[in-house]
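Every value quoted in this text rests on a predicted model; they were computed, and no experiment measured them.
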Amino acid sequence: GGIKTRMILYKKNFNINSVLLTNIVFAFFPISFIFGNLITNINTLLFCCLGILHLRSRILTTKFNLSIKIIFLLFLIIFFSTSLNFIKSLYIDGYEYSELIRLLKSISFFRYFLVLIIVYLLSEFDILNFKYFFVSAAFSSVFISLDIIFQYIFGFNFIGLKGFNHAHSYVFRNAGFFGDELISGGFIKNFSFFSILLVAFIFKNKNNISFLLIMLTICTVGMGILFSGNRMPLILFIFGLFLIFLLNNKLKKVLSVSLIVLFIIFGLLGSFDKKIKESFYVYYKLSKYIVINLVNTFESRKSEVAKHNVPKEDDLLVYDFGSLYPAQTEKYGHSKLFNTAIDLWQKNKIFGGGIKSFRVGCVKIIERTQNRLCSNHPHNYYLEILTDTGIAGFLLVCTIGLIFLIFIIKNFKFFSGSGLGNYILLASVISLILETFPFKSTGSIFTTNDTTYLVLISSIILSYKKLLAAQNSDNHT
């Protein structure tokens, strides 16, 4: 009897410890992004192993909802389009080793779908608690913000890494712990709303303290993004604050005051630091000319004119895109990439060129077509989906987007709550909207950081029923 009792206690303790470990590993994801792809991939592998240990056969026997089935279909399309192009290269164009690598990558890409369903199921079976991730994401964004602010003031971050200064006076970057990767502003933006809403949740019953701390948090992460030198993340961050203003009535007052204070701070910093002012002026001019060039390109495509009109250059500061596109100095870099993406899509309209096909196909495009540019990816999620998976994949993404929009409308009232589940879901929804905002430059959707982030945030939203149930339970107790 004693042995049996000890075995039961051991099994119970093992289950408790493994559940805690699984939650810790999941919560480590935001921090793993700081350490790079290797740590993120190791964390993903560990999380999948722990998830499979908990779920076992339930992964195969569970009936999934429509959203998850459509997402799975998208993963199948990615594999199918890559397979088609591999077969084409094997029997028509001539075998290349790079095509085999792309095929293998399309297979390994399914690991992200595995992460998604593991998160969903672990939540369904009350194994995963999102509050740990909530705290980790909030801490990470504030910590990186403070590190960037420190680097801006002193020229080096907490561990002595120096900021990046371009030859042109108006181009500056503070990447902090990210070193040579100039993505710190995007990282802060990705997790900033978790920090703001965590403060709102912790101090929701202390009005004055809550008001001050929320405003302080908004200003801290806002300045962190500003000093990173990443302009688009800052614009999206401000847009995200407006979205919270629209979705959550309880935070309208503090958000209004915080936005006013934030704009005052930005104005003062811009008047004292010419780099900041010139950086955003150049960004505005570049955005304007990219739009003009895209419109001209669209018109020229319609009229089948080979030579594209471009605006005069005398009022535009020369921006060196060489740091982004080696050995090339381009004023219209992004618009030329977009043009290249459309050309590539037209060659494979239905199923695209397969995963990471842009870097392969763009070389042939720029050899015979003007106003085109080559890179690893087209710097826009939607254009990358279009070129890599064609209309088939693009329509699936649009369907997922429509389901997401319907979900927001149906659960609009839930976003106004002040409970833990309300804020976790609200932070996730805002973060996903900003990350998938169509009119912005992005990284590749098929890279470790971008895909992992999208999958993590999406999996939390897909688990909304459990968050709703937990919130209702809290309200009744």
Asker: Indicate, with yes or no, if the rings of Tyr423 and Phe194 have centres closer together than 6.0 Å.
Answerer: no
Asker: Keeping Tyr453 on the side-chain end and Pro30 on the backbone end, is there a donor-acceptor pair under 3.5 Å?
Answerer: no
Asker: Please give me the minimum heavy-atom distance between Thr217 and Ser195, naming the atom from each residue.
Answerer: CG2-OG, 3.8 Å
Asker: Output yes when a side-chain donor or acceptor of Glu384 lies under 3.5 Å from a complementary backbone atom of His377, and no otherwise.
Answerer: no
Asker: Is there a donor-acceptor pair closer than 3.5 Å between any side-chain N or O of Thr82 and the backbone N or O of Ile355?
Answerer: yes
Asker: Tell me whether the rings of Phe113 and Phe72 are parallel (<30°), tilted (30 to 60°) or perpendicular (>60°).
Answerer: tilted
Asker: Measure across Ile149 and Thr220 and return the closest heavy-atom pair with its distance rounded to 0.1 Å.
Answerer: CD1-O, 3.7 Å
Asker: Between the main-chain N or O of Thr448 and the side-chain N or O of Thr451, is there a donor-acceptor pair closer than 3.5 Å?
Answerer: no
Asker: Is the backbone of Ser81 close enough, under 3.5 Å, to the side chain of Thr389 for a donor and an acceptor to pair up by distance?
Answerer: no
Asker: How about Ser459 and Tyr120: do any of their side-chain heavy atoms sit closer than 4.5 Å?
Answerer: no
Asker: With the side chain counted from C-beta on, respond yes when Phe64 and Leu121 share a heavy-atom pair under 4.5 Å apart, and no when they do not.
Answerer: yes
Asker: Taking only residues at least two apart or on different chains, which pairs with a member in residues 238-253 satisfy salt bridge (charged side-chain N to carboxylate O under 4.0 Å, His left out)?
Answerer: none
Asker: Take the angle between the ring planes of Phe407 and Tyr464 and call it parallel below 30°, perpendicular above 60°, tilted in between.
Answerer: perpendicular
Asker: Do Phe437 and Ile235 have side-chain heavy atoms sitting under 4.5 Å apart?
Answerer: no
Asker: Would you check if the side chain of Thr40 reaches a backbone N or O of Ser32 as a donor-acceptor pair within less than 3.5 Å?
Answerer: yes
Asker: Please indicate whether Phe35 has more than 12 foreign heavy atoms, meaning atoms of other residues, nucleotides or ligands, lying under 6.0 Å from its CZ.
Answerer: no
Asker: Phe338 and Leu373: side-chain contact (heavy atoms from CB on, under 4.5 Å), yes or no, with the steps?
Answerer: CA-CA 9 Å; Phe338 300 161; Leu373 195 61; over 6 Å; no
Asker: Taking the six-membered ring for Trp, are Phe134 and Phe130 closer than 6.0 Å centroid to centroid?
Answerer: no
Asker: Main chain of Gly224, side chain of Asp147: is a donor-acceptor contact present, judged purely on distance under 3.5 Å?
Answerer: no
Asker: Kindly assign one of parallel, tilted or perpendicular to the pair Phe26 and Phe29, based on the angle between their ring planes and the thresholds 30° and 60°.
Answerer: perpendicular
Asker: Does any N or O in the side chain of Ser145 come within less than 3.5 Å of the main-chain N or O of Ile188, such that one atom is a donor and the other an acceptor?
Answerer: no
Asker: Quick check against the 3.5 Å criterion: does Ser123 have a side-chain atom that pairs as donor or acceptor with the backbone of Val119?
Answerer: no
Asker: Can you tell me if Lys131 has over 12 outside heavy atoms packed within less than 6.0 Å of its NZ?
Answerer: no
Asker: Hey, could you give me the CG/CZ distance between Asn380 and Phe439, rounded to the nearest 0.5 Å?
Answerer: 9.0 Å
Asker: Take Phe109 and Phe79 through the test ring-ring contact (aromatic ring centres under 6.0 Å, His included) and record every step on the way to the result.
Answerer: CA-CA 8 Å; Phe109 196 69; Phe79 169 70; over 10 Å; no
Asker: Quick check for you: to the nearest 0.5 Å, what is the distance between Ile127 atom CD1 and Ile118 atom CD1?
Answerer: 10.5 Å
Asker: Taking atom types as modelled, is there a side-chain donor on Asn23 or Asn129 under 3.5 Å from an acceptor on the other?
Answerer: no
Asker: Walk me through it: do Phe404 and Ile400 pass the test side-chain contact (heavy atoms from CB on, under 4.5 Å)?
Answerer: CA-CA 6 Å; Phe404 181 50; Ile400 294 168; 5.5 Å; no
Asker: Is the NZ or CZ atom of Lys349 both under 6.0 Å from the centre of the six-membered ring of Trp345 and within 45° of that ring's axis?
Answerer: yes
Asker: Within the distance-only criterion (no hydrogens, no angle test), does the side chain of Ser136 pair as donor or acceptor with the backbone N or O of Phe133 below 3.5 angstrom?
Answerer: no
Asker: Fit a plane to each ring of Phe193 and Phe237, take the angle between them on a 0 to 90° scale, and name the class: parallel (under 30°), tilted (30 to 60°) or perpendicular (over 60°).
Answerer: tilted
Asker: With sequence neighbours left out, write down each residue that passes side chain to side chain contact (heavy atoms under 4.5 Å, CB included) with Leu182, or none if nothing qualifies.
Answerer: Phe164, Arg173, Ala175
Asker: Is the ring centre of Phe143 less than 6.0 Å from the ring centre of Phe158?
Answerer: yes
Asker: List the steps, then state whether side-chain contact (heavy atoms from CB on, under 4.5 Å) holds for Ile264 with Val261.
Answerer: CA-CA 5 Å; Ile264 291 171; Val261 172; 5.5 Å; no
Asker: Heavy-atom distance under 4.5 Å between the side chains of Thr22 and Phe47, does that happen here?
Answerer: yes
